[in-house]
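All heavy atoms count here, side chains included; hydrogens, waters and symmetry mates do not. For this chain, numbers begin at 1 and follow the sequence in order.
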Amino acid sequence: VVVNQMGFKITLALASAVIVASVVSMLIVLPKSIDAITESSKNEMLSLASAYKSQLNAKLLDLKGVLSFDGYNNVLGNAKVQGAENSFAYVVDTSKIMQYCPNQDNVGMKVENNKIVDMVVGKIKRGNKPDTAVVEYEFEGAKQFGAYAVLSNDSILIVTAVESEVLSSITTMSWIAGIGCVLIVVI
């Protein structure tokens, strides 16, 4: 009986040590991973906005500043941030009218309550054409990332992604680590 109690205590101590080590590791690794993936996604968004800006400016030059839905769609139709399924790009003019959106029903509609559009249009109207950048904002209760670039005709290209989609790999990793920890303790 004493041997069984001793074995149980050792097993319990080992399981506790595994749990504590796993929790401490997650508390150290998780925030750094979130920061790294967030930064990487923002850099990707900046690269996308810059590349699409160049392509759109070339088309605008060729077509004397006017693009149809199909013209925009040929360039932006597949614009997405890696790992963010609902990511997309859209273009708004300085009157806040949607010039391009993957959902064609939104084209021609006034864009309202959009912090990026409001900020960039305000700067353009004050004579300041902002450089390509990424901002964080909230839309319909969800934290978003948006990279914007001002085109040669002063329209604003925006590439947007939902933070939870960008960080979905971290969520998956956390679940796998948690399940792995439980399995190690059980085994």
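Within a 6.0 Å radius of CG in Asp62, other residues, nucleotides and ligands contribute more than 12 heavy atoms. Taking a 6.0 Å sphere around CG of Asp35, one finds it holds more than 12 heavy atoms contributed by other residues, nucleotides or ligands. Atom CG of Asn103 has more than 12 heavy atoms from other residues, nucleotides or ligands within 6.0 Å. Counting non-hydrogen atoms of neighbouring residues, nucleotides and ligands closer than 6.0 angstrom, the NZ atom of Lys32 reaches no more than 12 such neighbours.
Residues Ser68 and Asp70 bring no donor and acceptor atom of their side chains to less than 3.5 Å of each other. For Asn114 and Tyr90, the side-chain atoms include at least one donor-acceptor pair closer than 3.5 Å.
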### Task
Run the numbers on Val75 and Tyr52 for side-chain contact (heavy atoms from CB on, under 4.5 Å), then give the verdict.
CA-CA 7 Å; Val75 175; Tyr52 288 127; 3.7 Å; yes
### Message
Does Lys80 form a salt bridge (charged side-chain N to carboxylate O under 4.0 Å, His left out) with Glu85? I'd like the steps, not just the answer.
### Response
CA-CA 7 Å; Lys80 283 193 179 302; Glu85 182 180 321; over 6 Å; no
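Residues Ile116 and Val120 have side chains in contact (heavy-atom distance under 4.5 Å, counting atoms from C-beta outward). At a threshold of 4.5 Å between non-hydrogen side-chain atoms, the residues Glu44 and Gln82 count as touching. At a threshold of 4.5 Å between non-hydrogen side-chain atoms, the residues Asp154 and Lys129 count as touching. Leu46 has its side chain within reach of Thr132: a pair of non-hydrogen atoms, C-beta onward, lies under 4.5 Å apart. For the pair Lys96 and Glu112, the minimum side-chain heavy-atom distance is 4.5 Å or more. Using a 4.5 Å heavy-atom cutoff, the side chains of Ile156 and Val91 are not in contact. Taking the side chain as every heavy atom from C-beta outward, Val135 and Lys115 never approach each other to under 4.5 Å.
Each of Met98 and Leu60 belongs to its own hydrophobic cluster when Ile, Leu, Val, Met, Phe, Trp and Tyr are linked at side-chain heavy-atom distances under 4.5 angstrom. Residues Val81 and Tyr148 are members of separate hydrophobic clusters, defined by side-chain heavy-atom contacts under 4.5 angstrom among Ile, Leu, Val, Met, Phe, Trp and Tyr. Taking hydrophobic clusters as Ile, Leu, Val, Met, Phe, Trp and Tyr residues chained together by side-chain heavy-atom distances below 4.5 Å, Tyr100 shares a cluster with Leu56. Hydrophobic clustering, with ILVMFWY side chains joined whenever heavy atoms are under 4.5 angstrom apart, keeps Val92 apart from Tyr72. In the hydrophobic cluster analysis, where Ile, Leu, Val, Met, Phe, Trp and Tyr join through side-chain heavy atoms closer than 4.5 angstrom, Phe88 is grouped apart from Leu48.
The two residues Leu157 and Ala89 make their nearest non-hydrogen contact at CD1-CB, 4.1 Å. Minimum heavy-atom separation, Lys53 to Ala149: CD-CB, 3.8 Å.
From Asn153, atom CG reaches atom CG of Leu63 across 11.5 Å, with rounding to the nearest 0.5 Å. Separation of atoms CD1 (Ile97) and CE (Met109) is listed at 9.0 Å; rounding is to 0.5 Å. Note that NZ of Lys125 is 6.0 Å distant from OG of Ser95, once rounded to the nearest 0.5 Å. Annotation: the span from Asn74 atom CG to Phe69 atom CZ amounts to 9.5 Å, rounded to 0.5 Å.
A side-chain donor-acceptor contact under 3.5 Å links Asn57 to the backbone of Ser152. Formation of a donor-acceptor pair under 3.5 Å by the Gln99 side chain with backbone atoms of Val107 is not found in this model. Side chain of Ser155 to main chain of Leu151: no donor-acceptor pair is present (N/O by atom type, distance under 3.5 Å, no hydrogens or angles). When atom types are taken as modelled, the side chain of Ser87 and the backbone of Ala161 share no donor-acceptor pair closer than 3.5 angstrom.
Taking the six-membered ring for Trp, Phe139 and Tyr137 have ring centres at least 6.0 Å apart.
Between Glu136 and Lys42 there is a salt bridge, since a side-chain N of the basic residue sits under 4.0 Å from a carboxylate O of the acidic one.
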